Protein chains: 2
Amino acid sequence: MPPFKFDKIDRKILDILQADGRITNAQLSKDIGLSPAPTLERVKKLENTGIIKSYHAKLDTAKIDLGVNTYVMVSLKAHNKSNIDVFIDAINEVDEIIECNHVTGSHDFILKVITKDIASYQKLMLERVSEIEVVDSMQSMVILSTFKDSKVLPIPSN
Amino acid sequence: MPPFKFDKIDRKILDILQADGRITNAQLSKDIGLSPAPTLERVKKLENTGIIKSYHAKLDTAKIDLGVNTYVMVSLKAHNKSNIDVFIDAINEVDEIIECNHVTGSHDFILKVITKDIASYQKLMLERVSEIEVVDSMQSMVILSTFKDSKVLPIPSN
DNA sequence: ATAGAATCAGAATAATATTTGGAATTTTGT
DNA sequence: ACAAAATTCCAAATATTATTCTGATTCTAT
């Protein structure tokens, strides 16, 4: 399958759906200047080709009592495939870890961890993450405040 | 306004809408075991109270040619309010920086940066970020691969 | 117990999504 | 350049969903 080329109209659709994932097809079609039928067809194609992976509600963490958000940088004892697999499998069991990226630099992984408070954060780290046998060291950055959290990616023009 | 208490049904709604932001109200009502009318009423209340902030399409960065994603840790020359304001204002101008968090630890901010390739990343950093006068130092972590990217927050049960 | 508020189901209506058929445009191969 | 093929589009018809409304039931606080 060729990597599917989308045109200017598709890009506009992607911009709009990133900013408002629940816009109606009727409104979307007005915004991009097409009738509803081809608009829907384009959206479906973007979904079917996997360019649009999914849609999600974004919640206010403070209002659902998730006050302590952190980034945690993790180093493994050795970075062979076996160890990485063990780590990934363990991470996937933990709902509070919502992101896990393998990164360059002096650490191996960076995690994003969402918890209710410091106590639950500490408990999670001590009992669930430190306990993963392949983990060597961890370094936490507690998020004090968030100044930008855009869900709109900068799609290149060409 | 009291901090609005949501019950078990609301929590289920939040779980479902985080996982599938475009589910129809009809299907949602079936999933939670209520009729459409009160289901919609609950969703609207969750939106109006700000617990649900927004809805967004999630795209495949590789397929839209955004192959280089990084975390960048930034230290400012001094962390007074004035400098922070200057920094935030500058960051908000840059579409490629989709997240900006003020954090504890040896750096001041952590950014998430989305670009097409290494060349565009370097250009962005040199010409847009390094140029911000209050920036002292930067340290990059390039994302090699993403093992988890969940849009579902672990809502505390009580 | 009882008034008031909140929540619910079911039905009616309004809006939207989705399908269909065919015209117009673009693309492709010669 | 040309014609066939493919793509893209619109407009209209139908199916599905959202939304509103009414009244019954449950919950809450006194």
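Just so it is clear: chains get the letters A, B, ... in the order the sequence lines come, proteins before strands, and each one is counted from 1. Predicted model, so just to flag it, every value in this text is computed and none were measured.
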Engineer: Look at B/Lys45 and C/dT7 and indicate whether a side-chain polar atom (N or O) is within less than 4.0 Å of OP1 or OP2.
Structural biologist: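 Answer yes for this pair, as a side-chain N or O of B/Lys45 is under 4.0 Å from OP1 or OP2.
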Engineer: Are B/Phe147 and A/Phe87 an aromatic pair, judged by ring center distance below 6.0 Å?
Structural biologist: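 Centroid distance A/Phe87-B/Phe147: not below 6.0 Å, so no.
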Engineer: Using whole Å, report how far CG of B/Asp7 lies from P of D/dT26.
Structural biologist: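 Those two atoms, CG and P, are 17 Å apart.
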Engineer: What's B/Ser35 touching, base or sugar-phosphate or nothing? Going by heavy atoms closer than 4.0 Å.
Structural biologist: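 Base contact.
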Engineer: Taking the nucleotide of DNA chain D with the nearest heavy atom to each, does B/Lys30 or A/Gly33 sit closer to the 5' end?
Structural biologist: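 Upstream on the strand: A/Gly33.
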Engineer: Strictly below 4.0 Å: does B/Arg42 bring a side-chain N or O up to OP1 or OP2 of C/dT7?
Structural biologist: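 No, no such contact exists.
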Engineer: What is the distance, rounded to the nearest whole Å, between atom CD of A/Gln27 and atom P of C/dT16?
Structural biologist: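 Those two atoms, CD and P, are 8 Å apart.
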Engineer: Ignoring hydrogens, what is the shortest heavy-atom contact between B/Leu59 and A/Lys53? Give both atom names and the distance.
Structural biologist: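 Heavy atoms of B/Leu59 and A/Lys53 come nearest at O-CE, 3.8 Å.
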Engineer: Would A/Asp95 and B/Lys148 pass as an ion pair if we require N to O under 4.0 Å?
Structural biologist: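 Answer for the salt bridge query: no.
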Engineer: From C/dT20, D/dC9, D/dC21, pick the nucleotide closest to the side chain of A/Ala37?
Structural biologist: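 Selected nucleotide (nearest to the side chain): C/dT20.
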Engineer: How long is the line joining CG of B/Leu40 and P of C/dC8, in whole Å?
Structural biologist: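 The answer, rounded to whole Å, is 13 Å.
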Engineer: Could you check how far CD1 of A/Ile32 sits from C1' of D/dC9, rounded to whole Å?
Structural biologist: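 Value for this atom pair: 11 Å.
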Engineer: Is it true that B/Asp149 and B/Lys151 make a salt bridge, defined as a side-chain N closer than 4.0 Å to a carboxylate O?
Structural biologist: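 Looking at B/Lys151 together with B/Asp149, the answer is yes, because their closest N to O distance falls below 4.0 Å.
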Engineer: Which nucleotide in the set D/dA18, D/dC10, C/dT18 lies at the smallest distance from any side-chain heavy atom of B/Thr24?
Structural biologist: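 In terms of side-chain proximity for B/Thr24, the closest of D/dA18, D/dC10, C/dT18 is D/dA18.
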Engineer: Whole angstrom is fine here: how far is it from CG in A/Leu28 over to P in D/dC9?
Structural biologist: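 Distance, rounded to whole Å: 12 Å.
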Engineer: Choosing from D/dC10, C/dC8, D/dC21, which nucleotide comes nearest the side chain of B/Leu34?
Structural biologist: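 Between D/dC10, C/dC8, D/dC21, the one nearest the side chain of B/Leu34 would be C/dC8.
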Engineer: Using a 4.0 Å heavy-atom cut-off across all strands, classify B/Ile23 as base, sugar-phosphate, or nothing.
Structural biologist: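 The residue B/Ile23 makes no contact with any strand.
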Engineer: Atom NZ of A/Lys44 to atom C1' of C/dT19: distance rounded to whole Å?
Structural biologist: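 Between C1' of C/dT19 and NZ of A/Lys44: 12 Å.
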Engineer: Quick one: which of C/dA9, D/dC10, C/dT18 gets closest to the side chain of A/Asn25?
Structural biologist: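 Of the options given, the side chain of A/Asn25 lies nearest C/dT18.
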Engineer: Can you check the A/Glu41 CD to D/dA6 P distance for me, whole Å?
Structural biologist: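 Interatomic distance, CD of A/Glu41 to P of D/dA6: 16 Å.
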Engineer: When all nucleic acid strands are considered with a 4.0 Å heavy-atom cut-off, which category describes B/Arg22: base, sugar-phosphate, or nothing?
Structural biologist: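 B/Arg22: no heavy atom of the nucleic acid under 4.0 Å.
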Engineer: Base, sugar-phosphate, or nothing for A/Ala26, non-hydrogen atoms under 4.0 angstrom?
Structural biologist: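 Here A/Ala26 touches the backbone only, sparing every base.
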Engineer: Checking contacts here: which listed nucleotide (D/dC10, C/dC8, C/dT18) is nearest the side-chain heavy atoms of B/Ile9?
Structural biologist: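 Selected nucleotide (nearest to the side chain): C/dC8.
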Engineer: CG of A/Asp10 versus P of D/dT7: gap in Å, rounded?
Structural biologist: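 Going from A/Asp10 (CG) to D/dT7 (P), I get 14 Å.
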Engineer: What I want to find out is whether B/Asp136 reaches B/Lys77 closely enough, with some N-O distance under 4.0 Å, to be called a salt bridge.
Structural biologist: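 No salt bridge links B/Asp136 with B/Lys77.
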